[in-house]
Every structure is written in C-alpha cells, then in structure tokens.
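Contents: one structure, followed by commentary.
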Amino acid sequence: TSLDVHACNIDVLACGAQKWLLSPWGAGFCYVRRELTAQMDPRSVGWLGMRHSQEMSRMLEYDLTYLEDARKFEFAATAYQDVAGMNASLGMLMEIGAERVEEHISTLAGRLMDGIALLPSLTPVTPREPGRRAGIVSFLVAESQTVSERLDSADVVHSVRGGGVIRLAPHVYNTVDEIDRVLSVLETL
C-alpha cells in the first residue's frame, strides 16, 4: 500500500519514522507540494536552506536567499545515521509488503483482544471491531502497577497509561507464541 499525495490532494505531509516504521528516533520525512514551496518560508533559518550552501567557497558571503525548492526547509546537517537506519527499515517493510505487515499485526492484535475479552479482571479499551482499531491493544485493570510488574518480569514490553490502562503494541517482529505468552501472564492475575 502506498499513499498517492497527488490523488489525495495533500499539500504538506510530515511523518516521524520511529515506532511503526521501525526507524531511529529523530528520523522522518516531509513532503511539500512543489507549487507551495515558493509561497512558504521556513520557520527557522538554517545554512542548508540558503542558496550559497551549495557552494562551499561562497559560504561566508551570508546571502540569505533561500533555495527555490523544498531544500530551503533544511536548517541543519542531515543525520545520515538516522537516514540510513530509516532507509533500511523502510526497505525491509517494503520487502515484506505493507499488506502482509498489516495482516500480521491485525492477527496478533485480534488474538490479544480475544484473549483479553475472556479475562474478567481486564476491561478492553480498544474497540473489538477490527475496522475500528489499529495494532495497539489497551485494557483497563484495577491493579495496573502490579500487572505492569508481572509483565516486566516476563519481559513483555508494554506501557502504563493514566487511569490504570495498559497498552500493548504488537508489530511485524512479534510472533503468535509471544502473544500467547502475554496472555498466559495475564491469566495468572
């Protein structure tokens, strides 16, 4: 699956690539419709967005004329290690295929939802209908700190949110066996 920015009439699209795109923190990308770059000025001025940044021999002339394309929004040196990590992650996800990734995450989240629904001490927060949820599965529990400690001791990555909500987010690298292990920990409550 891809996003056609032209068909969707998107003017500006900014995306952090961490978390679901499996990239390093700080990695991301931005699209600005070409016709808009002339109408928009950067919020912060940086040397890479200036015309003379392209000619190192003229850098000290301090001509603050922006480049005419989207590069004018660059205000610092590129974090190449983040871009390399992001490219590798996106390449891997594209190789697996967006549809397969989505199907796998949906299957794991559905298995979690089904298991949580059978446990009387847990109240699902995430909608049960597959069309109304993403890969995140959240549930409410009275003793969230105790449950969190048990999940920690079983090496289950999770987060505790306000009001006693525990959040799980299976991804493409998780397995059905791991989901079953999470459910077996939750069954002991």
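All values below were derived from every heavy atom in this structure, side-chain atoms included, with hydrogens, water molecules and symmetry-related copies excluded.
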Quiz item: Measuring from Ile179:CD1 to Leu112:CG, what's the distance to the nearest 0.5 Å?
Solution: 4.0 Å
Quiz item: Between Pro42 and Tyr66, what is the shortest heavy-atom contact and its length?
Solution: CD-CZ, 3.4 Å
Practice problem: Report whether Leu36 and Phe73 are members of the same hydrophobic cluster (ILVMFWY, side-chain heavy atoms less than 4.5 Å apart, transitive linking). | Solution: yes
Quiz item: Closest heavy-atom contact between Ala7 and Asp4?
Solution: N-OD1, 3.0 Å
Quiz prompt | Check: Leu21 main-chain N/O paired with Ser23 side-chain donor or acceptor under 3.5 Å | solution = yes
Quiz item: Parallel under 30°, tilted from 30 to 60°, perpendicular over 60°: which one fits the rings of Tyr31 and His6?
Solution: perpendicular
Exercise. Show the numbers, then the answer: is there a side-chain hydrogen bond (donor to acceptor under 3.5 Å, both in side chains) between Arg161 and Ser159?
Key: CA-CA 6 Å; Arg161 302 298 167 117; Ser159 62; 3.2 Å; yes
Practice problem: Take Leu168 and Val156 through the side chain to side chain contact (heavy atoms under 4.5 Å, CB included) test and state the conclusion after the steps. | Solution: CA-CA 9 Å; Leu168 301 164; Val156 174; 4.0 Å; yes
Quiz item: Where do Ala109 and Ala134 come nearest, in terms of heavy atoms and distance?
Solution: CB-O, 4.2 Å
Practice problem: Say whether, by atom type as modelled, one donor and one acceptor occur between the side chain of Lys72 and the main chain of Met40 under 3.5 angstrom. | Solution: yes
Practice problem: I would like to know whether Thr126 and Met113 meet side chain to side chain contact (heavy atoms under 4.5 Å, CB included); could you show each step before the answer? | Solution: CA-CA 8 Å; Thr126 302; Met113 291 295 300; 3.8 Å; yes
Quiz item: Hey, mind stepping through Val137 and Arg167 against side chain to side chain contact (heavy atoms under 4.5 Å, CB included) and telling me if it holds?
Solution: CA-CA 6 Å; Val137 175; Arg167 178 182 180 266; over 6 Å; no
Quiz item: Counting distance only, does the side-chain N/O of His158 pair as donor-acceptor with the main-chain N or O of Ile166 below 3.5 Å?
Solution: no
Practice problem: Check for a donor-acceptor pair, side chain of His104 on one end and backbone N or O of Asn174 on the other, with a separation under 3.5 Å. | Solution: yes
Distance-only criterion, 3.5 Å: show the donor-acceptor pairs between side-chain atoms of residues 74-88 and protein atoms not counting sequence neighbours.
unit_1: Asn87; atom_1: ND2; unit_2: Val83; atom_2: O; d: 3.4

Exercise. Kindly indicate whether the side chain of Leu93, heavy atoms from C-beta on, has any atom under 4.5 Å from the side chain of Val172.
Key: yes
Quiz item: Do Leu64 and Met50 come within less than 4.5 Å of each other through their side chains, counting heavy atoms only?
Solution: yes
Quiz item: Within the side chain of Ser148, is there an N or O that forms a donor-acceptor pair under 3.5 Å with the backbone of Ser144?
Solution: no
Self-check item: Reported CG-to-OG distance for the pair Leu122 and Ser138, which is rounded to 0.5 angstrom
Solution: 12.0 Å
Quiz prompt | Minimum heavy-atom distance Val101-Ile96, with the two atoms named | solution = CG2-CG2, 3.7 Å
Exercise. Begin with the C-alpha distance, continue with both residues' side-chain angles, and end with the deciding distance and a verdict on side chain to side chain contact (heavy atoms under 4.5 Å, CB included) for Ser121 and Val147.
Key: CA-CA 11 Å; Ser121 62; Val147 174; over 6 Å; no
Quiz item: Given the rule that I, L, V, M, F, W and Y join up when any side-chain heavy atoms are under 4.5 Å apart, are Leu22 and Phe29 in one cluster?
Solution: yes
Quiz item: Is His171 close to Ile105 at the side-chain level, that is, under 4.5 Å between some pair of heavy atoms?
Solution: yes
Quiz item: Does anything in residues 127-150 pair up under salt bridge (charged side-chain N to carboxylate O under 4.0 Å, His left out), and if so which pairs, sequence neighbours excluded?
Solution: Asp114-Arg128, Glu129-Arg132
Quiz prompt | Shortest non-hydrogen separation from Gly163 to Leu140 and the atoms involved | solution = O-CD1, 2.9 Å
Quiz item: Is there side-chain contact between Tyr173 and Met92, with at least one heavy-atom pair below 4.5 Å?
Solution: no
Quiz item: Can you tell me how far the CD atom of Glu55 sits from the CG atom of Asp63, to the nearest 0.5 Å?
Solution: 10.5 Å
Practice problem: Heavy atoms only: give me the nearest Thr175-Glu178 pair and the separation to one decimal. | Solution: N-OE1, 2.9 Å
Quiz item: So how far is it from Gln39 CD to Asp11 CG, rounded to the nearest 0.5 Å?
Solution: 9.0 Å
Quiz item: Within a strict 4.5 Å, meaning less than it, do heavy atoms of the Leu48 and Arg71 side chains meet?
Solution: no
Donor-acceptor pairs under 3.5 Å, side chain of residues 180-189 to any protein atom, not counting sequence neighbours: which ones?
unit_1: Asp180; atom_1: OD1; unit_2: Arg111; atom_2: NE; d: 2.7
unit_1: Asp180; atom_1: OD1; unit_2: Arg111; atom_2: NH2; d: 3.2
unit_1: Asp180; atom_1: OD2; unit_2: Arg111; atom_2: NH2; d: 3.1
unit_1: Arg181; atom_1: NH1; unit_2: Ala154; atom_2: O; d: 2.5
unit_1: Ser184; atom_1: OG; unit_2: Arg181; atom_2: O; d: 2.7
unit_1: Thr188; atom_1: OG1; unit_2: Val185; atom_2: O; d: 2.6

